[in-house]
Amino acid sequence: MKRAALALMLIAAPAMAQEPASGELATLARDVVSLDLPHALQLAHARNLDLEEAKARVKQGSGVVSGALGAALPGIAVGVDAMRLDGALPGAAGAYQVGRFERVSPFALASWIMRPGQVVFDILAARRNLAALRHDAEFTGKRVDHDIAQAFYALALAQAHIAASSERVEESRELLRLSVAREASGLGLVLDTQMARESAARAQMDQIKALNAYYAASLHLAGLLDLDPAVLLVPAQGALPEPASAEEPALDMLTAAALAHRADLAAIRQQVGVSDAAGAAAILAAVGPQISASAITADPIPTAKASDTMFRLPSANAGLSLTLSASVIGKAQSAAASRALARIAVRRRLEDLRKEVASARQEMIAAQRAIPLAHERLVASQSALALARAGLQAGTAILHPVLIAQANVQEARSAYADNLARYWSARNDLDLATGGR
């Protein structure tokens with residue numbers, strides 16, 4: 001039952017198998033799955049509900065285009081017509097007699113009623129809306145990639161925190177063992193032993209918090225990937241590598257790239273065109289003109305058997321009409337307001353985009369500059385811990401500097417991982433903001 005938890009413990013720290021938190025994870029995790037970011041993105045595209053919804057909306061928009069095109073074509077109806085007429089028919093001697101006329105015949109009717117202006121602008125609006133939906137689906141895919149990457153980096157950061165806390169647990173245990181031995185031999189103080197015991201307990205509490213945070217991060221990523229919550233996800237090695245080189249791209253260049261490549265911007269611009277075409281279609285639907293025509297084909301009138309002057313069969317007709325309604329003024333006002341709202345939405349989105357690009361760029365640069373400093377801090381703290389431990393073992397130093405050095409190493413490890421995660425998260429934000437990946 002503890003195999004799932006033990007697999008995670010072997011990645012972070014082998015000695016953690018006996019910790020109380022591992023037993024809790026063992027009851028929550030039924031299986032452990034190791035994955036890297038490309039695999040997570042591939043899995044998301046196969047199972048993500050947002051992507052499925054975006055694809056369904058594109059199909060829906062394609063159906064609207066087909067419906068708009070169909071409105072320009074005639075309708076065809078086929079059926080069977082049954083008729084019976086009872087009436088008076090003149091006889092040979094001038095007297096009238098009761099007569100009956102019955103007829104059952106198949107027919108085909110073609111009818112065509114269209115407002116040309118409305119149909120043209122309905123087709124234009126439907127096509128522009130379909131283009132907007134396709135751009136929106138493209139941006140949805142990039143947003144899903146962004147969310148998956150952010151969750152993956154959060155999981156990798158939680159894994160790094162587990163490694164840092166686990167190493168401190170091992171060091172604090174070794175320090176407690178040494179303090180107990182020194183006290184038993186009369187070379188150490190009871191105070192040192194109690195301080196080491198307190199440090200070991202605090203390290204184990206930090207480890208439990210790290211394990212709990214890791215499980216929460218795994219649960220979040222599993223939810224985005226539509227996986228069973230009982231599966232514990234483990235990032236592959238090298239999930240948070242150091243940046244290859246320093247880069248500080250120009251803000252103007254990034255903004256220009258965002259304006260050129262952001263699919264959601266293209267979608268909202270298409271919506272402006274949709275509102276223009278929809279407004280024109282609404283006005284032309286109220287004003288006209290309307291063209292109508294129809295034609296029917298059926299069996300010929302059976303004049304050889306009986307004559308009935310009331311029997312008529314219109315075979316074709318056509319008409320042209322104009323409509324004028326007071327509601328057209330309100331529709332024109334509504335269309336103008338829709339166009340204004342669409343343009344305001346574009347301007348607001350552009351303002352937000354510039355803020356997103358600038359914020360992500362600054363966050364990435366700040367994290368990138370801090371990474372070498374965090375690494376330098378980690379190396380220095382590890383050296384300080386080694387010196388403090390050597391002095392304690394040699395009897396030339398006291399316990400307190402060792403405890404401080406242990407805490408400093410854990411903080412330095414966490415700070416280094418935090419800055420790596422900050423860099424890749426900001427880089428991910430910048431990719432989404434500029435429309436690239």
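In this chain, numbering begins with 1 at the start of the sequence shown. Since the structure is predicted, the reported quantities are computational estimates derived from the model, not experimental observations.
At least one side-chain heavy atom of Arg168 sits less than 4.5 Å from a side-chain heavy atom of Ser199. At a threshold of 4.5 Å between non-hydrogen side-chain atoms, the residues Glu167 and Glu170 do not count as touching. Counting heavy atoms from C-beta on, the side chains of Arg347 and Leu350 never come closer than 4.5 Å. Side-chain contact check for Leu176 versus Gln194: every heavy-atom pair is 4.5 Å or farther apart. Looking at heavy atoms from C-beta onward, Asp36 lies out of side-chain contact with Pro235 at the 4.5 angstrom threshold. Counting heavy atoms from C-beta outward, Leu430 and Leu254 have side chains that approach closer than 4.5 Å. Side-chain contact between Met364 and Pro249 is present, with at least one heavy-atom pair separated by less than 4.5 Å. A 4.5 Å side-chain heavy-atom check between Asn129 and Val65 finds every atom pair outside the cut-off.
Listed for the Thr140 side chain is no donor-acceptor partner under 3.5 Å among the backbone atoms of Ala54. Distance alone, capped at 3.5 Å, is enough to place a donor-acceptor pair between the Ser172 side chain and the Val169 backbone. Formation of a donor-acceptor pair under 3.5 Å by the Lys142 side chain with backbone atoms of Gly435 is found in this model. The closest donor-acceptor contact from the side chain of Trp424 to the backbone of Pro241 lies under 3.5 Å. Here the side chain of Asn212 pairs no donor or acceptor atom with the backbone of Ile208 at under 3.5 angstrom.
Within a 6.0 Å sphere centred on CD of Glu198, other residues, nucleotides and ligands contribute more than 12 heavy atoms. Residue-environment remark: CZ (Arg349) exceeds the threshold of 12 foreign heavy atoms within 6.0 Å. The neighbour count for His45 NE2, taken as heavy atoms of other residues, nucleotides or ligands under 6.0 Å away, is above 12. When the shell of 6.0 Å around CZ of Arg361 is examined, it contains more than 12 heavy atoms from other residues, nucleotides or ligands. Surrounding CZ of Phe121 are at most 12 heavy atoms belonging to other residues, nucleotides or ligands under 6.0 Å away. Other residues, nucleotides and ligands contribute at most 12 non-hydrogen atoms within 6.0 Å of the CZ atom of Arg134. The environment of Met205 atom CE is sparse: at most 12 non-hydrogen atoms of other residues, nucleotides or ligands sit within 6.0 angstrom. For CD of Gln42, the number of neighbouring non-hydrogen atoms (other residues, nucleotides, ligands) closer than 6.0 Å is 12 at most.
For the residue pair Ile148 and Leu221, the shortest heavy atom distance occurs at O-CD1, 4.1 Å. In terms of heavy-atom proximity, Leu37 sits nearest to Phe152 at N-CZ, 3.7 Å. Taking each heavy atom of Ala412 and Leu378 in turn, the nearest pair found is CB-CA, 3.7 Å. In plain terms, the two heavy atoms of Asp50 and Asn48 that are nearest each other are N-OD1, 2.9 Å. Closest approach of Ala417 and Leu240 over heavy atoms only: O-CD1, 4.2 Å.
With hydrogens and angles left out, the side-chain atoms of Asp418 and His161 include a donor and acceptor closer than 3.5 Å. Side-chain contact of Asp431 with His146: a donor-acceptor pair under 3.5 Å is absent, judged by distance alone.
Under the 4.0 Å criterion applied to side-chain N and carboxylate O atoms, Glu53 and Arg57 are assigned as salt-bridge partners. Between Arg262 and Glu356 there is a salt bridge, with a side-chain nitrogen of the basic residue lying less than 4.0 Å from a carboxylate oxygen of the acidic one. Between Arg348 and Glu351 there is no salt bridge, since none of the side-chain N atoms of the basic residue sits less than 4.0 Å from a carboxylate O of the acidic one. Glu411 and Arg377 are joined by a salt bridge, as a carboxylate oxygen and a charged side-chain nitrogen come within less than 4.0 angstrom of each other.
Atom CG of Leu219 and atom CG of Leu232 lie 9.5 Å apart (nearest 0.5 Å). Note: Asp226 CG to Leu49 CG = 5.5 Å, rounded to the nearest 0.5 Å. Taking CG of Leu157 as the start and CZ of Arg422 as the end, the distance is 11.5 Å to the nearest 0.5 Å. Of the inter-residue distances, the one linking Ile371 atom CD1 with Leu420 atom CG reads 4.5 Å to the nearest 0.5 angstrom. To the nearest 0.5 Å, atoms OG (Ser62) and CG (Leu130) are separated by 5.5 Å.
Note on residues 356-399: pairs passing ring pair (Phe, Tyr, Trp, His ring centres under 6.0 Å), not counting sequence neighbours, are His375-Tyr416.
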